[in-house]
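Shown next, in structure tokens, is the structure this report addresses.
One-based numbering along the sequence shown.
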Amino acid sequence: MSFIKMEQNIIEVINSLADESEDFFSKGGVESSKIAKAEESLGVNFSKDFWEYTHNFGYIEVDGMELCGVVDSRHVSTVIRTQNMRELFSDFPMDCYVIESVGIDNAVMVQKSDGKIYQFLHGHNLMLAADSLSEYLLNGGDFRKERVEYWKARSND
């Protein structure tokens, strides 16, 4: 499998996804003060690309991927999803915040303030998925899809 590895502006990437997809939804931008309050409540600094993404889009859904953001919806709220993971799993890394639920075995995609994205699965080491949110989106969640297939196959053993 080959991943696209390039640094692109997150706003341009999301706009191009919106233009190319018939299945795109955005909640709409979020005020900077609300994003700062979300960071404070989690005790983390959001990466630059996550901050820009949330400020401009709130959260997005594109081609079956629901990317969390700073919104009031429990289902796609980075704050609520991160707090839930911290409560459920003592090994959830305190320097990460949830950007997407994988949908199997409580696995989630998380991001650190440096922008790198990882898969978190309780009892396992973090697995690097992308160097940035742009790279993760440009790859269409390929890493996530591959991991879901892996865990589905593993659970059938």
Any Val62 side-chain heavy atom under 4.5 Å of Asp23 side chain: no
Rounded distance [0.5 Å steps], OG1 in Thr54 versus CD1 in Ile35: 5.5 Å
Main-chain N/O of Val98 paired to Thr78 side chain as donor or acceptor, under 3.5 Å: yes
OG on Ser113 to CH2 on Trp51, rounded to 0.5 Å: 13.0 Å
From CD1 (Ile117) to CG (Asp131), nearest 0.5 Å: 9.0 Å
Derivation of the side chain to side chain contact (heavy atoms under 4.5 Å, CB included) call for Ile60 and Phe25: CA-CA 6 Å; Ile60 63 169; Phe25 175 79; over 6 Å; no
Heavy-atom closest contact (Ser134 atom, Asp49 atom, distance): N-OD2, 4.0 Å
Atom CG of Asp19: over 12 foreign heavy atoms under 6.0 Å: yes
Heavy-atom closest contact (Met109 atom, Val102 atom, distance): SD-CG2, 3.8 Å
Phe50 vs Ile99 side-chain heavy atoms within contact, under 4.5 Å: yes
Leu121 versus Ala107, closest heavy-atom pair with distance: CD1-CB, 3.8 Å
Smallest separation among heavy atoms of Thr82 and Cys96, with atom names: CG2-O, 3.8 Å
His122 and Asp91 side chains, donor-acceptor separation under 3.5 Å: yes
Main-chain N/O of Leu42 paired with Arg86 side-chain donor or acceptor, under 3.5 Å: yes
Partners passing ring-ring contact (aromatic ring centres under 6.0 Å, His included) against Phe57 (at least two apart in sequence or in another chain): none
Ser77 OG to Gln83 CD distance, which is reported to the nearest 0.5 Å: 7.5 Å
Side chain Ser21, main chain Ala18, donor-acceptor under 3.5 Å: no
Test salt bridge (Lys or Arg N to Asp or Glu O under 4.0 Å) applied to Lys48 - qualifying residues, sequence neighbours left out: Glu52
Heavy-atom side-chain proximity of Ser101 to Arg81 below 4.5 angstrom: yes
Distance, nearest 0.5 Å, that separates CZ of Phe46 from CG of Leu133: 12.0 Å
Carboxylate-amine/guanidinium proximity below 4.0 Å for Lys34 and Asp72: yes
Linked, directly or transitively: Val110 and Leu88 (ILVMFWY side chains, under 4.5 Å): yes
Set of salt bridge (Lys or Arg N to Asp or Glu O under 4.0 Å) partners for Glu39, sequence neighbours left out: none
Linked, directly or transitively: Tyr97 and Ile80 (ILVMFWY side chains, under 4.5 Å): no
Any donor-acceptor N or O pair under 3.5 Å, side chains Tyr136, Glu100: yes
Shortest non-hydrogen contact between Leu67 and Tyr53, atoms and distance: O-OH, 2.8 Å
Side chain proximity check, Ile10 to Leu137, heavy atoms < 4.5 angstrom: yes
Heavy-atom pair with the smallest gap, counting every atom of Val44 and Met94: CG1-O, 3.4 Å
Pairwise distance NE2(His75) to OH(Tyr59) - rounded to 0.5 angstrom: 8.0 Å
